[in-house]
Asker: 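Let me begin by handing over the structure; questions about it come next.
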Number of protein chains: 2
Amino acid sequence: MRPRVAPSPDLSSSLSACIARRGLKSTRQRQAILGAFLASSGHVTVVDLLARARAADPGVSPATVYRTLRLLAECGLAKPQRFHGSPTMYEIVAGREHHDHLVCTRCGRVVEFEDARIERLQTAVARARGFTVTSHRMELYGLCRLCRPARPGRKAGSAGRRSRAKRR
Amino acid sequence: MRPRVAPSPDLSSSLSACIARRGLKSTRQRQAILGAFLASSGHVTVVDLLARARAADPGVSPATVYRTLRLLAECGLAKPQRFHGSPTMYEIVAGREHHDHLVCTRCGRVVEFEDARIERLQTAVARARGFTVTSHRMELYGLCRLCRPARPGRKAGSAGRRSRAKRR
DNA sequence: CTGAGTGCAAATTATTTGCATCTAC
DNA sequence: GTAGATGCAAATAATTTGCACTCAG
């Protein structure tokens with residue numbers, strides 16, 4: 001429903017720039033895949049992306065999707081994310097800063113967030129253990145507003161994990 | 001060097017209990033694998049575990065290691081962890097509470113930690129976005145004390161990621 | 001004895017790669 | 001025209017599974 005990520009044309013030009021800079025070529029397939037990627041909600045699987053790209057251009061092979069995603073990642077436009085048990089998802093990196101994820105274990109919805117307080121504590125905790133942190137990942141799994149049952153007196157047990165709903 | 005996790009005999013009995021409860025059998029291979037698992041530093045790959053188990057009993061196949069690890073996980077004694085780019089590691093769950101991980105990107109060392117302040121913030125952040133958190137994962141990647149170069153004026157860039165050293 | 005467990009090899013799943021062909025520049 | 005790109009199929013890598021055989025209880 002709501003457009004979570006504005007399909008900024010900046011990314012297209014970023015890719016063009018990165019392609020030009022490296023002496024690479026702009027092809028029909030790459031356009032289709034990039035288009036499908038940008039039109040996505042921000043997090044797509046390879047399978048999803050292949051289907052979407054094929055809608056625009058039937059002659060796109062899985063291998064090219066993988067190769068293009070790697071290219072996008074190298075250009076800093078996409079980032080692979082491996083959530084819990086689901087296949088690798090690629091997210092749009094629109095020059096945005098680092099962020100972490102809330103993942104609904106029922107509907108699969110992914111919400112991004114960032115919290116400076118947590119980041120500070122992470123750095124502090126690591127330093128206390130002799131580590132210099134260069135990166136981190138944090139994922140919170142649970143039920144989103146829509147999937148949460150309305151029952152008031154819920155136990156916090158390990159119950160809530162249903163199989164994710166697939167959206168394709 | 002230092003014994004990170006005491007090879008508590010409790011776990012052996014826990015497994016026995018879980019095996020008995022389910023009407024399963026205690027076999028030579030399972031003993032070897034459990035022994036190797038408990039003798040580990042707390043985080044092992046399947047490859048590692050297979051090698052260690054074979055030291056005790058050469059007739060252990062990979063399939064049995066996988067099957068036994070699944071059994072251990074179902075009994076609540078082991079937990080699979082997928083760190084950054086490394087193969088799945090299994091960690092000993094000695095009835096210990098939840099914890100998160102510091103991972104050295106150079107030597108592969110894994111240090112566990114827990115921080116109530118961070119956990120509280122996680123819950124709060126999630127609630128603010130309409131999520132009820134049931135679980136989470138957090139990994140901090142960086143250099144441990146031993147691997148950190150002594151240079152004072154380091155840049156925080158994306159430099160630090162070398163390939164992990166394997167220990168086998 | 002008998003059902004659970006095991007080894008092996010084949011099957012799966014996710015992804016990469018070699019190669020002949022094609023095409024953007 | 002040529003280096004880079006693509007499709008296909010074969011190759012990897014990690015893990016699971018079918019099946020005949022073995023063994024713990």
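Predicted, not measured: the structure shown is a model, and the values here were computed from it.
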Asker: What pairs with Leu121(A) under side chain to side chain contact (heavy atoms under 4.5 Å, CB included), at least two apart in sequence or on another chain?
Answerer: Arg117(B), Ile118(B), Leu121(B)
Asker: Kindly write out the residues that satisfy salt bridge (Lys or Arg N to Asp or Glu O under 4.0 Å) with Glu91(A), not counting sequence neighbours, or none if the list is empty.
Answerer: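 Counting only residues at least two positions away or on another chain, Glu91(A) forms no salt bridge (Lys or Arg N to Asp or Glu O under 4.0 Å).
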Asker: In whole Å, what is the span from the CD atom of Gln29(A) to the C1' atom of dG4(D)?
Answerer: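 It is 12 Å, rounded to the nearest whole Å.
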Asker: Any side-chain N or O of Thr64(A) under 4.0 Å from OP1/OP2 of dG7(D)?
Answerer: yes
Asker: Take the C1' atoms of the five end pairs on each side of the helix from dC1(C)-dG25(D) to dC25(C)-dG1(D), derive the two axes, and give their angle rounded to 10 degrees.
Answerer: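 Rounded to the nearest 10 degrees, the bend comes out at 20°.
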Asker: Can you name the side chain to side chain contact (heavy atoms under 4.5 Å, CB included) partners of Arg82(A), sequence neighbours left out?
Answerer: Thr88(A), Arg82(B)
Asker: Please give me every residue in residues 49-59 of chain B whose heavy atoms get under 4.0 Å of an atom in DNA chain D, ordered by residue number.
Answerer: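 Output list: empty, so none.
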Asker: Glu74(B) CD to dT16(D) C1': how many Å, rounded?
Answerer: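 Between C1' of dT16(D) and CD of Glu74(B): 14 Å.
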Asker: In whole angstrom, give the distance that lies between atom CG of Leu34(A) and atom P of dT6(D).
Answerer: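 Rounded to the whole Å, the gap is 13 Å.
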Asker: Taking only residues at least two apart or on different chains, which pairs with a member in residues 66-80 of chain A satisfy side chain to side chain donor-acceptor pair (under 3.5 Å)?
Answerer: Arg22(A)-Glu74(A)
Asker: Mind jotting down which residue pairs meet the ring-ring contact (aromatic ring centres under 6.0 Å, His included) criterion with at least one end in residues 115-139 of chain A? Sequence neighbours excluded, please.
Answerer: His98(A)-His136(A)
Asker: Closest to the Arg30(A) side chain: dG7(C), dG7(D), dA5(D)?
Answerer: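 Closest nucleotide among those given: dA5(D).
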Asker: Ring centroids only, cut at 6.0 angstrom: are Tyr141(B) and His84(B) within range, meaning strictly under it?
Answerer: yes
Asker: Quick one: list whatever passes ring pair (Phe, Tyr, Trp, His ring centres under 6.0 Å) with Phe113(A), sequence neighbours left out.
Answerer: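 Applying ring pair (Phe, Tyr, Trp, His ring centres under 6.0 Å) to Phe113(A) gives none.
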Asker: Please encode protein proximity along nucleotides 15-25 of chain C as a string of B, S and -, counting only heavy-atom distances under 4.0 Å.
Answerer: BBBB-----BS
Asker: Pair up each side-chain donor or acceptor in residues 50-62 of chain B with any protein partner under 3.5 Å, not counting sequence neighbours, and list the distances.
Answerer:
from	atom 1	to	atom 2	distance (Å)
Arg54(B)	NE	Val60(B)	O	2.8
Arg54(B)	NH2	Val60(B)	O	3.0
Asp57(B)	OD1	Arg28(B)	NH1	3.1
Asp57(B)	OD1	Gly59(B)	N	2.9
Asp57(B)	OD2	Arg28(B)	NH1	2.6
Ser61(B)	OG	Thr64(B)	N	3.4
Ser61(B)	OG	Thr64(B)	OG1	3.3

Asker: Name all pairs fulfilling the salt bridge (Lys or Arg N to Asp or Glu O under 4.0 Å) condition that reach into residues 130-143 of chain B, sequence neighbours left out, sorted by first residue then second.
Answerer: Arg137(A)-Glu139(B), Glu139(A)-Arg137(B), Arg137(B)-Glu139(B)
Asker: So, using disulfide bond (SG atoms under 2.5 Å apart) as the criterion, who are the partners of Cys144(A) when residues are at least two apart?
Answerer: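 Per chain and number, Cys144(A) pairs via disulfide bond (SG atoms under 2.5 Å apart) with no residue.
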Asker: To the nearest Å, give me how far apart CG (Asp48(B)) and P (dA14(D)) are.
Answerer: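 Value for this atom pair: 13 Å.
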Asker: Answer yes or no: does atom CZ of Arg129(A) have more than 12 heavy-atom neighbours from other residues, nucleotides or ligands under 6.0 Å?
Answerer: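 More than 12 heavy atoms, drawn from other residues, nucleotides or ligands, come within 6.0 Å of this atom.
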